[in-house]
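What follows is one structure encoded as structure tokens, with my remarks underneath.
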Amino acid sequence: MGYRFGQIIAVSLVVFAVIPLHAAVSIQQADTFVKKVATIRQQGLVDGPKAATMRTPVTQDELNSWFTYRAQAVLPAGVSKLQLTILGQGKVAGEMTVDLDTIGKGRRSGGAFDPWSYLGGSVPVSVSGILHTENGQGRFELQTAEVSGVTVPKAVMQQLVSAYSRTTANPAGLNLDGAFPLPANIDKIEVGQGQA
């Protein structure tokens with residue numbers, strides 16, 4: 001009986017170890033993330049000698065819960081099912097579903113060598129890389145990118161990012177190699193395993 005119970009415990013531990021980290025997504029975790037962001041923003045408004053260094057840990061589950069339950073209003077049209085994995089030592093990975101028809105509109109030339117002529121529909125996109133941050137600036141170093149499980153060059157990923165990040169103020173969209181200011185007077189983001 002004890003041996004059988006030990007087997008069940010061992011199998012349970014293995015199962016829990018391989019369950020995807022985003023399995024703990026909940027509305028409560030999303031609300032916790034919203035409260036932490038409000039705290040970070042409030043601290044970012046403090047200026048001068050009263051400003052103090054404050055650390056606010058954010059877990060992977062809180063972030064993914066927010067993406068699941070609260071982020072649709074701020075995500076670009078055509079991006080859904082966004083999940084991040086915080087690997088540690090600056091490394092992060094993300095998966096999402098992207099509607100390529102949104103990008104293809106206005107880009108298709110109809111020529112035989114136009115890659116947008118062959119792409120369409122909703123596809124899974126995954127990226128991984130290293131987030132570098134210091135002195136209020138951030139930069140993402142892309143290491144791998146895949147569309148529907150096929151590795152794509154950085155230039156294709158740049159087109160996706162540009163198309164989805166265009167704004168009136170920034171018609172070219174974000175540059176993958178470019179630095180960006182961290183919001184709310186954040187000086188640095190430390191990326192540990194499962195949290196930042």
Side-chain angles (χ1 to χ4, degrees), residues 20-22 24-25 29-76 79-96 98 125-146 151-196:
L21 291 173
H22 53 76
V25 169
Q29 296 255 26
D31 291 343
T32 298
F33 179 78
V34 169
K35 288 175 186 171
K36 286 182 179 183
V37 168
T39 300
I40 292 167
R41 284 184 178 155
Q42 186 64 35
Q43 180 66 18
L45 296 175
V46 177
D47 208 9
K50 291 186 177 182
T53 300
M54 185 172 119
R55 297 173 66 90
T56 306
V58 174
T59 70
Q60 175 176 292
D61 291 338
E62 291 166 349
L63 186 57
N64 285 328
S65 295
W66 180 79
F67 281 128
T68 300
Y69 293 104
R70 305 281 189 247
Q72 284 306 315
V74 296
L75 289 177
V79 174
S80 62
K81 300 178 186 173
L82 181 57
Q83 292 287 311
L84 292 181
T85 304
I86 304 173
L87 301 168
Q89 298 180 349
K91 295 179 184 176
V92 294
E95 298 177 4
M96 67 203 81
V98 175
V125 174
S126 62
V127 298
S128 66
I130 300 174
L131 179 63
H132 302 278
T133 63
E134 64 181 330
N135 300 322
Q137 293 288 307
R139 184 179 59 81
F140 182 70
E141 178 187 340
L142 180 68
Q143 293 184 318
T144 63
E146 294 182 355
T151 301
V152 296
K154 187 176 184 179
V156 171
M157 208 61 222
Q158 179 59 65
Q159 287 188 8
L160 283 169
V161 169
S162 293
Y164 278 104
S165 62
R166 286 186 181 110
T167 63
T168 308
N170 186 7
L174 296 175
N175 180 348
L176 275 175
D177 293 323
F180 53 89
L182 298 176
N185 284 328
I186 294 172
D187 182 57
K188 180 166 120 177
I189 299 172
E190 296 170 351
V191 179
Q193 188 171 3
Q195 71 175 8

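Since the model is a prediction, treat every value here as computed from it, not as a measurement.
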Subject >> CD/Gln42: more than 12 non-hydrogen atoms of other groups inside 6.0 Å >> reply: no
**OP:** Could you tell me whether the side chain of Val37 reaches within less than 4.5 Å of the side chain of Val34, counting heavy atoms only?
**Re:** no
Original post:
Would Gln195 and Val58 count as a side chain to side chain contact (heavy atoms under 4.5 Å, CB included) if you check the C-alpha gap in whole Å, the side-chain angles of each, and the deciding distance to 0.1 Å?
Top reply: CA-CA 6 Å; Gln195 71 175 8; Val58 174; over 6 Å; no
**OP:** Could you tell me whether a side-chain N or O of Asn64 sits under 3.5 Å from a main-chain N or O of Leu84, the two making a donor and an acceptor?
**Re:** yes
Original post:
Heavy atoms, side chains only, cut-off 4.5 Å: are Val191 and Val92 in contact?
Top reply: yes
Subject >> Min side-chain heavy-atom separation Met96-Val98 under 4.5 Å >> reply: yes
Subject >> Nearest-0.5 Å distance, CG of residue Leu176 to CD of residue Gln158 >> reply: 4.0 Å
Subject >> Lys154 versus Leu142, closest heavy-atom pair with distance >> reply: CG-CD2, 3.9 Å
**OP:** State plainly whether the residues Glu95 and Lys81 are in salt-bridge range, i.e. N to O under 4.0 Å.
**Re:** no
Original post:
Given the rule in the side chain to side chain contact (heavy atoms under 4.5 Å, CB included) test, do Asn135 and Asp187 qualify, once you have shown the distances and angles that lead to the verdict?
Top reply: CA-CA 5 Å; Asn135 300 322; Asp187 182 57; 4.2 Å; yes
Subject >> Contact check, side chains of Glu190 and Arg55, non-hydrogen atoms, under 4.5 Å >> reply: yes
Original post:
Do other residues, nucleotides or ligands put more than 12 heavy atoms under 6.0 Å from the CD atom of Glu134?
Top reply: no
**OP:** Start with the C-alpha gap between Thr39 and Gln43, add the side-chain angles, then the distance that decides, and say whether side-chain hydrogen bond (donor to acceptor under 3.5 Å, both in side chains) holds.
**Re:** CA-CA 6 Å; Thr39 300; Gln43 180 66 18; over 6 Å; no
Subject >> Thr56 side, atom OG1; Ile186 side, atom CD1 - distance, nearest 0.5 Å >> reply: 8.0 Å
Subject >> Interatomic distance, Ile189 atom CD1 to Leu182 atom CG [nearest 0.5 angstrom] >> reply: 5.0 Å
Original post:
Out of curiosity, Ile86 CD1 to Thr59 OG1, how far, rounded to the nearest 0.5 Å?
Top reply: 7.5 Å
Subject >> Exam field: side chain Glu62 to backbone Phe33, donor-acceptor pair closer than 3.5 Å >> reply: no
Subject >> Heavy-atom check, side chain of Val74 versus side chain of Trp66, under 4.5 Å >> reply: yes
**OP:** Taking atom types as modelled, find out whether Gln137 and Thr133 have a side-chain donor-acceptor pair closer than 3.5 angstrom.
**Re:** no
**OP:** Considering non-hydrogen atoms only, spot the tightest contact between Ala179 and Arg139 and give its length.
**Re:** CA-CB, 4.5 Å
Original post:
Which pair of non-hydrogen atoms, one from Ser65 and one from Ala24, has the smallest distance, and what is that distance?
Top reply: OG-O, 4.1 Å
Original post:
Are Gln29 and Thr68 linked by a side-chain donor-acceptor pair shorter than 3.5 Å?
Top reply: no
Subject >> Gln193 atom CD, over 12 foreign heavy atoms within 6.0 Å >> reply: no
Original post:
If you count the non-hydrogen atoms of other residues, nucleotides and ligands that lie under 6.0 Å from NZ in Lys36, is the total more than 12?
Top reply: yes
Original post:
What is the distance from atom CG of Asn170 to atom CG of Asn175, rounded to the nearest 0.5 Å?
Top reply: 9.5 Å
**OP:** State, with a plain yes or no, whether a side-chain heavy atom of Leu87 is found less than 4.5 Å away from one of Gln89.
**Re:** no
**OP:** Any chance you could measure Gln72, atom CD, to Ser80, atom OG, to the nearest 0.5 Å?
**Re:** 6.5 Å
Original post:
Do side-chain atoms of Glu146 reach the backbone of Val152 as a donor and acceptor pair under 3.5 angstrom?
Top reply: no
Original post:
Met157 versus Pro153: any side-chain heavy-atom pair under 4.5 Å?
Top reply: no
